Amino acid sequence: MAFTFAAFCYMLSLVLCAALIFFAIWHIIAFDELRTDFKSPIDQCNPVHARERLRNIERICFLLRKLVLPEYSIHSLFCIMFLCAQEWLTLGLNVPLLFYHVWRYFHCPADSSELAYDPPAVMNADTLSYCQKEAWCKLAFYLLSFFYYLYCMIYTLVSS
Amino acid sequence: GGPQGGSGAPPRPAPVRGRKGVRAGAWAGPGVGAGAGPAPPSSIECHGVSLAHSDLNLLGSSNPPASASQVAGTTGPAQNQMQVPSGYGLHHQNYIAPSGHYSQGPGKMTSLPLDTQREDYYSGLYTVPTQNVVTPSTAHQQPGAQQMYGRGPPAPHIAGSTPGSFQGAASSASHLHMSASQPHSSFVNHYNSPAMYSANSSVASQGFPSTCGHYTMSTVSNTAYPSVSYPSLPAGDPYGQMFTSQNAPTVRPVTDNSFSGQNTAISHPSPLPPPPSQQHHQQQSLSEYSTLSWSAAGLLSAQDNLVRNHTGSLAAANNNPANTVADSLSCPVMQNVLPPKSSPVAPTVLSSASSARMPPTANQPVEPVASVTQPSELLQQKGMQYGDYVNNQASSAPTPLSSTSDDEEEEEEDEEAGCFSQCPNTYDPLEGGSLPQVLLFSASSPAPDPTPESDPAPAPAPAPAAPQPSKLAKPFGYGYPTLQPGYQNAAAPLNAGLQPGNPVYSGFQQYPQYPGMNQLSSSLGGLSLQSSPQPESLRPVNLTQERNILPTTPVWAPVPNLNLELKKLNCSPDSFRCTLTNIPQTQALLNKAKLPLGLLLHPFRDLTQLPVITSNTIVRCRSCRTYINPFVSFIDQRRWKCNLCYRVNDVPEEFMYNPLTRSYGEPHKRPEVQNSTVEFIASSDYMLRPPQPAVYLFVLDVSHNAVEAGYLTILCHSLLENLDKLPGDSRTRIGFMTFDSTIHFYNLQEGLSQPQMLIVSDIDDVFLPTPDSLLVNLYESKELIKDLLNALPNMFTNTRETHSALGPALQAAFKLMSPTGGRVSVFQTQLPSLGAGLLQSREDPNQRSSTKVVQHLGPATDFYKKLALDCSGQQTAVDLFLLSSQYSDLASLACMSKYSAGCIYYYPSFHYTHNPSQAEKLQKDLKRYLTRKIGFEAVMRIRCTKGLSMHTFHGNFFVRSTDLLSLANINPDAGFAVQLSIEESLTDTSLVCFQTALLYTSSKGERRIRVHTLCSPVVSSLADVYAGVDVQAAICLLANMAVDRSVSSSLSDARDALVNAVVDSLSAYGSTVSNLQHSALVAPSSLKLFPLYVLALLKQKAFRTGTSTRLDDRVYAMCQIKSQPLVHLMKMIHPNLYRIDRLTDEGAVHVNDRVVPQPPLQKLSAEKLTREGAFLMDCGSVFYIWIGKGCDNNFIEDVLGYPNFASIPQKMTHLPELDTLSSERARSFITWLRDSRPLSPVLHVVKDESPAKTEFFQHLIEDRTEAAFSYYEFLLHVQQQICK
């Protein structure tokens, strides 16, 4: 029973992981909203609705973009913490996602100062479904890792 | 206004109605005259009805003798003569009946005599073949052909002699039909004794005096070009007499066929050998007359096709005999009586066929397919099914006349009385005077018809001739729609109007019929897999061994392997194309084929004819909101089944009433169900705010750079010229802004003595100096606007301001436009250097020819994209004209148009004096830009059958929800592409449909919906998938995908993906479908151009590496790929090369009294360039004329106007108007090419060995360059990759 650095890492990541889970859920909802336009077709064709809808899309995309950096940085923080705590297994589990995030971050359209979730681009059905799948996967991953961190935290607390 | 912009449509109705009136009278008159002979017209009309009634009985009674004669085959003239009187009686009744009732009726009436006519000729002409054992079959065959010939002449008449008025006349189905049939009657006159057919002749002369002219025309052509079949005539004549008795019988079944309407189409291809079917007919007419005729209607299941077809034709046969027998019997007699007269006629008929090969005749444009294929058939008596295929197309249209209308007339005479003249009237306004589908179909149909090619060996004659039709037809499809109403056009309206008919008997059951018929008709359709072991499109081609892969005629869109009915109804490939005309059943199958699946759209294309429908309720599926279309099925009269989601919907009460026939209970005959391209005038449900007025704002760069370039003069001049032609109504508003480092507004408020310039220098926080007088009503302030336009070019001549505050100017423009929406035209000449959205130069000139990485293809800032989205939200589109001599970062600037559904024009190194060709191009482009049709606040939704789903869209728009594209503006030159995937297996459906609905506000403030529906068959085998590849559409879709890839990933990725597309598809084909050895690079014939096109794409400005390409040029090419419709894009990708120093009239087409030569396409290789020649390369937006060093001085002198090669100047952009034959030919060819596209291309005359020739040689994509493969090397590379 010792409050090691590793235990602290797990406790912190547990809290942050909850935040990430929240982000993932929010993503899913957001993409769902982007995908479905609840107006009747005739309404949809309405110029007034067009404006409303467009503003909505832009707002969602803006929020999505705002969330990208916090999410990525929180996750990289995990990795750094686990690296410092020499929790190799946990680090190993997180590294693939870290690389994915790095790839995502630097693989965005050439010169654009912005990240993904560009309103015109994100509305394409395949981009949208990709993003949605990604969000679901992340949700699953974060959920699993949440319980894993919980277990590990208890384990480290108990074992030493 | 009409759908085609205001200009053409409005004047039409008037003449039409005039004619109609005349015609109505004329028809009623003659009918009467004929029926009662000398009796006064008034009494006759009453007779008409009663006679028609008795007609039925007469038919019954007269039939047996007739058929008896058939069977016997020997009954002599005596019997005929006996029949004559009764025949006459019948005739007239028929005439009268339809004239009273049906708009189509008259057509049918005339066609009857015509048909008899034909019999006569043909009996004369074909007696020679008849002697063969094959007799019945030939006879059986011929009629189709004859019919075509018979109809041929009228068409040129439409096209050539009075295009304008005829277009007008075509406004309703009946009209077109009438006009088509008219000439027939004139034929009759000439041919037969005037006395006997006085009725007809009077009709002809009264209704359409012009027919006579036409007739002579065709005779002339005949003499000018004696046909192959000509010789047979003299022979035929003597025979004609001998055979009269026999003729009647032999030909009879024929006539039945030709009469039997759509049934003919089916019965022809039916696998039964002709003789039996003939027997059938005979039997039919003998015994089963009453029972059989309506049995067709009852058969519903798909498997019954055969039976149904048969019965169908039988039924038709039965119906007809009454009329036909009489005709056929009576006519021969006449022929005998008047042999000298008959012979001149017969040649005319044939001449249309012969002239097809010698195109200068007036007939030419009209019936390319038909005539070309058929002659060969006539001569050779082989490849009958091919001929048939064509025949069917041809004949099925005219035929419904008899089959359907006959039925109707018998049943419905009572009601028919007076509505004939009125119906068309009511229909007219409704329809907007047009039936475009027909046109489109006829334009496209020739091309894909692979039949002539598939039979190369035995038919040497048709092979060379056959390609022509497609070539001939193409221009009509696009550029000269007016001309094309060839014979098919003439026929089709009938079809539109009548075909679906049989309303009483079979009615809606025609629709369920489709899928079933599909099989059968396709079996002879030349595309089928059943009849021949390998369809043409699947013929394996060894790419490395076939040197001349490029056909000499333009490549055509393949036609989906549907039955004729559906084919005819299907959307024109010019508006709507699918990369795979045969849709694979599952995604797995699609993945196996490794081909892209997607749609290419040109939804707002300029159409000459388009049915416009006003109706309170627009019938749509309740669950998926699909618009009712020709491919829905009617379960019964009150219910229809959606073809996209399969929901059963009710037919609303209003829809039951058919304005076309003014009858109730015929939902399947409504124009919505007859045309796959229609336009609805939307009701108020479709708008929340009143439709916006047309608002145009011009934002002009007036910095030093811009003034130096001098575009203002051209723009202002062009605007002044076209101010009245700007699309719009009385509410049209216009405004101007200029900017350099400050923003200048112009107050044009009515009442001011001169335009007031308001300068806003606070570019960080732009505001509008006055709220409402900056956008002014065009008509109220016209004088001020003109003043301003006159003053603008000189206002800034001495400016020293070099900065450009484009961003703030755009923000101001956005504020100005927000309340209304509309169009902003931005003219920019340099990199924006001030305020928001300023850009830095990103191009490194040293990297222009880098083979590795091409950077900066994406935008540098989000400013323009955001602005575009804001604009899109306010229904404002931003069109960008970039006229720069230096790098201007088009990649960033283009965003303002891309996402606001605008368009982009780029004029590199523009200068009004130093670069006159660009200046001229700008001028011409502006003219088009300012005057073309425009739609505001548009949305486009694309729907497809359940199971398919759309992802990625390409084009300029904003995707608002997953299937809804938001288009602030839509213009006729915008093209779109959509990628599709198959989400659910399509096993339980045989057809899939795609529908685009474009809702827009016209410039006249009407809310309109343009709906296109495309139908494709579903296939389950990989071979079928390959057979249906539309290689051009696939290439265009790939190009769009590659642009996305190069922006999101990298150019080299995109290039690899393109190569992989070829490698994958060919290797998939090699390993699954073809069973040939793997050492050779084999592609199905449908894909044979795929590697060539991909290579062309790799060498296109957008994707090439290694060749010095300016970044802006590259980005512009990418923008064009994304936003151009397929027709224009293909020329950009793979230019057309023609040799023009030896233009001949061989194969030429006639356009507006001009002869347009049609030189064959050359492959894009320097090996084709001979020093002795001159070549024209058509690259879409540029024409190059390359003059070889050793080019004939005669040509240089006659065409270019210089004595020899040396004296040709380096920069030559015009061909002088010289009065020589070769000059005329060259110019008419170039003008013709030019007319076919919206943006006028620039012409460059390139001398061999001039520095400009590199530009030209860049386009010779089959050759090797330092940086890229030659075509052969590319093939080897592909082969290597496959083998790996």
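Letters A, B, ... mirror the listed sequences (proteins, then strands); counts begin at 1. Please read these numbers as outputs of a predicted model, since none were measured by experiment. All values below were derived from every heavy atom in this structure, side-chain atoms included, with hydrogens, water molecules and symmetry-related copies excluded.
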Handout entry: chain A contacts, top residue of B:T952, B:D1044, B:T1001, B:D870 (heavy-atom pairs, under 4.5 Å)
Key = B:T952
Exercise for the section: Would you indicate whether B:R647, at its atom CZ, is surrounded by more than 12 heavy atoms from other residues, nucleotides or ligands within a distance under 6.0 Å? Expected result: yes
Exercise for the section: Mark yes when over 12 heavy atoms from residues, nucleotides or ligands other than A:F147 sit less than 6.0 Å from its CZ; otherwise mark no. Expected result: no
Handout entry: Backbone N/O of A:R53 and side chain of B:R960: donor-acceptor pair under 3.5 Å
Key = no
Exercise for the section: Indicate the atoms forming the closest heavy-atom contact of A:L54 with B:L869, along with that distance. Expected result: CD2-O, 2.9 Å
Fill in the blank from the handout: Under 4.5 Å to a heavy atom of chain A? For B:F958 that would be side chain
Practice task
Would you give the length of the straight line joining atom NZ of B:K866 to atom CZ of A:F62, rounded to the nearest 0.5 angstrom?
Solution key: 7.5 Å
Practice task
Check whether more than 12 heavy atoms from other residues, nucleotides or ligands sit under 6.0 Å from atom CZ of A:F5, and answer yes or no.
Solution key: yes
